[in-house]
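See structure below.
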Amino acid sequence: MYTSEPSPSSSKQPSVPASTAAIASGSGDGNGKNSRASVEFVRCLRKAFEDAYGHPSLVSATVRRCKNPDLVSVEYTTMQRDFTRDSRRKVAHSAVLSIQDGELSKVVVRAPTDATDVQSSLRSPTDPSLVAVLRSLAGSKRVVDIWRDDTLVKCIDVTDKHGEFYGDSTFGSLAWANDNSCIVYSAERPEYSKAKPDSASFISNEDASDGEITDDITGSVGGVADPRFYEAESDWGETFSGKRPPALIVLDIFSAEAKVLASLDGITPGQVQFLPDNSYSSTPRIVFTGYKHTVRKYGIVYCQNRPSGIYVADLGGEVCECIYSGAVRSPRVTPSGRGVVFLSTLLGGPHASTSEIVYYDLERRSSRVVVPIARHPLDGQQKLEGTLLPDGFVGIYANQLPLSPWLHVDSMPKRDILVFTSTWRSTSVIMSLDFDGQKLELQSPIDNMSSNSVLGASGDLLAGVISTPEEPGQLMVGEARFDKSLSKVHVQWHRKQSPSAPKLAWKIVKDTCSTQSESIFVYPVEPNHDTLYFWSKGGKETRPLVVFPHGGPHAATTLDYDPLVSGLARLGFGVLLVNFTGSLGFGQDAVFAQIGNMDTLTIDEIQRAASQIHSHKEGDAKATVYLGGSYSGYTGALLAGLVPGYYRGIVLRNPVINIGENAAMSDIPDWCWAELGLGYDFDSPPELAPNSFSQMWQASPSRMSGNVRDPLLLLLGAQDRRVPPAQSLSYYYRLKAANAPVQCKVYPGVGHPLDSVEAERDSFVSIARFYASSLKKQW
């Protein structure tokens, strides 16, 4: 086991308040007034929430070298919660930084500016003085700003041209043409016309013009809405509720004319880039991901297995060709202009799994796999598909490639070197892929102390983020050079050193029975003022334990900062983050091993992980509670019925309770078949027949609701499309009828992640108060 544990201080342990029992039960003074102790407890929890959730998070960054080679200019954007407005605010920053000997220090810092209305922005690759900015203003107004250095050259109103901009990583697009004459971006297609008053007077049959009556009417005519206005049309599910499908918009910078690019039927575009101007084509062309749909659109966020293709089209919309088909995404044009690189995942089945990197040669019109799917961690360096892969390589796990992913090393000017972030067991790592040298390399350490990710590259510089379970993401700048002696690219990272003394520790806990699972254990080293309500005295064997597996199930918990984990650990809990068989970062075989075993294998591994902490006397078995959401809410509900009495309290966030019911209502019904090992055809979806429902019922927590006797708290998003709350409410009512100790909270206007600021605050405080109540008999 690896540990980051600092040396414990000799500070005096705080004592438990005398009114702890009153706080735990939430009792008042008997006169209908809240006790002072209860009010102070809630204030303490709110402060813990704001301390954990109040940090800005880096969402994008670009870095360029100044004339002085030891100085770099950095532009970066952060997202931060505003607890006064109960909203998230996007803030733009710029600074000149000194990079020397691994240290990052500020030389010039400009005042940050609010960029909440900015949906996307992009500096021209061929003229860095030009910047395009897509803004959504108050009153549903939309504009495109064109800046040259510090001067606003043009502000183009596009409100009447299309709907809302798309700025997400799936469908969002913004690209400059090679000659900077136009940009292409993604936005909702124009809305079909509503019914309008008919200004024309009544026309008799004798006066009507000749012609046949047809169904090809478009627009509002005769006082009736466009026939397409009320047509049933599915959306892309969770996070896209109510949004019209995206279209590609070509905006001429000089004429300010915006044109909706014609698209293929059954194809939704996103992730656009311009192809280079060369002999392969005489007209400007773009490359993009096209997501395919026939019968319906399926929920797509967190789902990499959706039918899609890589398409090449001209700006006139006359030519559109699919150059690669499967479950693909994230096309990036190589700096040499010779090809396009993208990610490819298995079509159907698990929603996320190991990806391969594919290269498409534009001249030869052929593709090849550069980095293949890894079935299991490699034993030593190995060359597969012609590429040398590093020792222990577990495969590629990346949702998207960076928008600016290409390194240019001075001593290797003609080499195409891709940088990206991937999951490697329980951490995030930065990797580089030299296409010409045919070598994949790690560019950040696997020391089980931190996670590292890359935001983008420019020249020989990289903008990255380093994060730990205690420290939110911090900007770091990397310098790349070619090490001739080792024949490899090496990146030296510069970062600001954190001066604060650590209060938390963490370590990787290996599964004693499996190499495909392990856990991250985050904990306070000793009792302190922040932990006094939950861990006021005693050794680590008295520390309360939260068992917290991830959702998915094909996702992963890494050493990246998580405010919920940090907040609970600072309150005095040890938090056990379980990566089980089926988690990403352990090879494709591990993903497949979980299929068909969702109600058994994961349960065994969660319990084994908790027992390891108990046996090592690092958590109190009599003060162990559970926290899970989505799939780990499902496993928590199973555990509530399978092992009553093991957990003193169980919190479930938007859990899957009845798989069959979820199959009929979720935006991802295929999940319910795939995780049980049943087939699902996107073009011909199966009926929820009695035999299928029976299999789903046998694996559902709902059938064991009669066994539940431990305190249970349900936290639900009223607008959850992924796991609609009706099944959890039904579960709640059954438990209430059986007099089980159950509570339920429903957050209006909130979806699957429960990610509004108010929902985050209330759920954090509710979780802590619920655990206090559940654990009060142990004090």
Report task. Report the C-alpha separation of His550 and Phe580 in whole Å, then their side-chain angles, then the decisive distance to 0.1 Å, and conclude whether the side chain to side chain contact (heavy atoms under 4.5 Å, CB included) test is met. Result -> CA-CA 9 Å; His550 61 76; Phe580 41 79; 3.3 Å; yes

Report task. Kindly determine whether Leu564 and Leu627 satisfy side chain to side chain contact (heavy atoms under 4.5 Å, CB included), including the steps that lead there. Result -> CA-CA 11 Å; Leu564 177 55; Leu627 174 59; 3.8 Å; yes

Report task. Check the pair Arg648, Asp710 against salt bridge (Lys or Arg N to Asp or Glu O under 4.0 Å), reporting the backbone distance first and the verdict last. Result -> CA-CA 6 Å; Arg648 296 294 184 248; Asp710 300 315; 5.9 Å; no

Requested in this report: Show your reasoning for whether side chain to side chain contact (heavy atoms under 4.5 Å, CB included) applies to Ile520 and Phe548.
Outcome: CA-CA 10 Å; Ile520 303 171; Phe548 187 6; over 6 Å; no

Requested in this report: Begin from the C-alpha positions of Leu545 and Leu576 and carry the test side chain to side chain contact (heavy atoms under 4.5 Å, CB included) through to its verdict.
Outcome: CA-CA 7 Å; Leu545 174 66; Leu576 183 64; 4.0 Å; yes

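The one candidate from Thr427, Thr468, Thr423 that meets the side-chain hydrogen bond (donor to acceptor under 3.5 Å, both in side chains) condition with Ser451 is Thr427.
Looking only at atom types and distance, the side chain of Glu541 has no donor-acceptor partner in the side chain of His614 under 3.5 Å away. In this structure, a donor-acceptor pair under 3.5 Å is absent between the side chains of Thr624 and Tyr646. Looking only at atom types and distance, the side chain of Ser353 has no donor-acceptor partner in the side chain of His554 under 3.5 Å away. With 3.5 Å as the limit, one finds a donor-acceptor pair spanning the side chains of Ser355 and Thr345. Side-chain N/O atoms of Thr531 and Arg543 include no donor and acceptor closer than 3.5 Å. For the residue pair Asn579 and Ser517, no side-chain donor N or O sits within less than 3.5 Å of a side-chain acceptor on the partner.
In this structure, the side chain of Ser467 engages the main chain of Tyr561 through a donor-acceptor pair within 3.5 Å. Under a 3.5 Å cut-off, the side chain of Arg769 and the backbone N or O of Leu45 do not form any donor-acceptor pair. Between the Ser773 side chain and the Phe770 main chain, no donor and acceptor come within less than 3.5 Å of each other. Panel note: side chain Gln727, backbone Ile657; a donor-acceptor pair is recorded below 3.5 Å. Side-chain atoms of Thr354 never come within 3.5 Å of backbone atoms of Ile373 as a donor-acceptor pair (strictly under, hydrogens ignored). Side-chain N or O atoms of Asn654 include one that pairs as donor or acceptor with a backbone N or O of His752 at under 3.5 Å. Under the 3.5 Å distance criterion, the side-chain polar atoms of Asn707 are matched with a main-chain donor or acceptor of Gly641. Side chain of Asp720 to backbone of Leu716: no donor-acceptor contact under 3.5 angstrom is found. A donor-acceptor contact shorter than 3.5 Å is absent between the side chain of Asp511 and the backbone of Glu518. The closest donor-acceptor contact from the side chain of Ser422 to the backbone of Tyr397 lies under 3.5 Å.
Among residues two or more places apart in sequence or in another chain, the side chain to side chain donor-acceptor pair (under 3.5 Å) test is passed with Ser444 by none. The side chain to side chain donor-acceptor pair (under 3.5 Å) check on Asp762 picks up Lys745, Tyr747, Ser766, with sequence neighbours excluded. Evaluation of the side chain to side chain donor-acceptor pair (under 3.5 Å) rule for Ser57 yields no partner, not counting sequence neighbours. Evaluation of the side chain to side chain contact (heavy atoms under 4.5 Å, CB included) rule for Leu442 yields Trp424, Val429, Met431, Ile446 as partners, not counting sequence neighbours. Considering only residues two or more places apart in sequence or on other chains, Thr557 meets the side chain to side chain donor-acceptor pair (under 3.5 Å) condition with none of them. Remark: Arg703 engages Trp697, Gln698 in a side chain to side chain contact (heavy atoms under 4.5 Å, CB included) (not counting sequence neighbours).
Note: Ser763 OG to Leu713 CG = 9.5 Å, rounded to the nearest 0.5 Å. Once rounded to the nearest 0.5 Å, the distance linking OG1 of Thr421 with CD1 of Ile396 reads 10.5 Å. Taking CG of Leu559 as the start and CD of Glu471 as the end, the distance is 13.0 Å to the nearest 0.5 Å. Summarising the geometry, atom NZ belonging to Lys496 is positioned 16.0 Å from atom CE belonging to Met476; distances are rounded to the nearest 0.5 Å. Taking CD of Glu441 as the start and CD of Gln381 as the end, the distance is 8.5 Å to the nearest 0.5 Å. Considering CG of Leu676 and OG of Ser700, their distance stands at 8.0 Å, rounded to 0.5 Å.
Using a 4.0 Å cut-off between a side-chain N of Lys or Arg and a carboxylate O of Asp or Glu, Glu760 and Arg81 qualify as a salt bridge. Under a 4.0 Å N-O distance rule, the pair Arg570/Asp51 does not qualify as a salt bridge. A salt bridge links Arg43 with Glu40: at least one charged nitrogen is closer than 4.0 Å to a carboxylate oxygen. The pair Asp604-Arg608 fails the salt-bridge criterion, with no side-chain N (NZ, NE, NH1 or NH2) lying under 4.0 Å from an Asp/Glu carboxylate O.
The minimum heavy-atom distance linking Gly649 with Ser774 is given by the pair CA-OG, 3.9 Å. Contact between Gly574 and Pro524 at its shortest, heavy atoms only, is N-CD, 4.3 Å. Taking all atoms of both residues into account, the shortest heavy-atom contact from Cys672 to Asn662 is SG-ND2, 3.8 Å. What you find for Glu618 and Phe521 is that their closest heavy atoms are O-CZ, 3.6 Å. For the residue pair Asp755 and Val750, the shortest heavy atom distance occurs at N-CG1, 3.9 Å. Between Leu714 and Ser728, the shortest heavy-atom distance links the atoms CD1-O, 3.7 Å.
Annotation: Phe534 is not in aromatic contact with Tyr771 [ring centroid separation under 6.0 Å not met]. Taking the ring centroids of His376 and Phe586, they lie at or beyond the 6.0 Å cut-off.
Ring pair Tyr631/Trp671 is perpendicular by interplanar angle, where above 60° counts as perpendicular and below 30° as parallel. Taking the six-membered ring for Trp and thresholds of 30 and 60 degrees, Tyr647 and Tyr626 have ring planes more than 60 degrees apart, a perpendicular arrangement. Ring-plane geometry between Phe764 and Tyr53 is classed as perpendicular, the angle between the planes exceeding 60 degrees on a 0 to 90 degree scale with a lower cut at 30.
For Arg761, the CZ atom sits in a packed shell: over 12 heavy atoms of surrounding residues, nucleotides or ligands are nearer than 6.0 Å.
Between Leu389 and Leu378 there is a side-chain heavy-atom pair separated by less than 4.5 Å. Within the 4.5 Å cutoff, no side-chain heavy atoms of Lys510 are placed close to those of Thr512. Between Pro655 and Val723 the shortest side-chain heavy-atom distance does not fall below 4.5 Å. Contact annotation: the side chain of Pro469 never approaches that of Leu504 to less than 4.5 Å [non-hydrogen atoms, C-beta and beyond].
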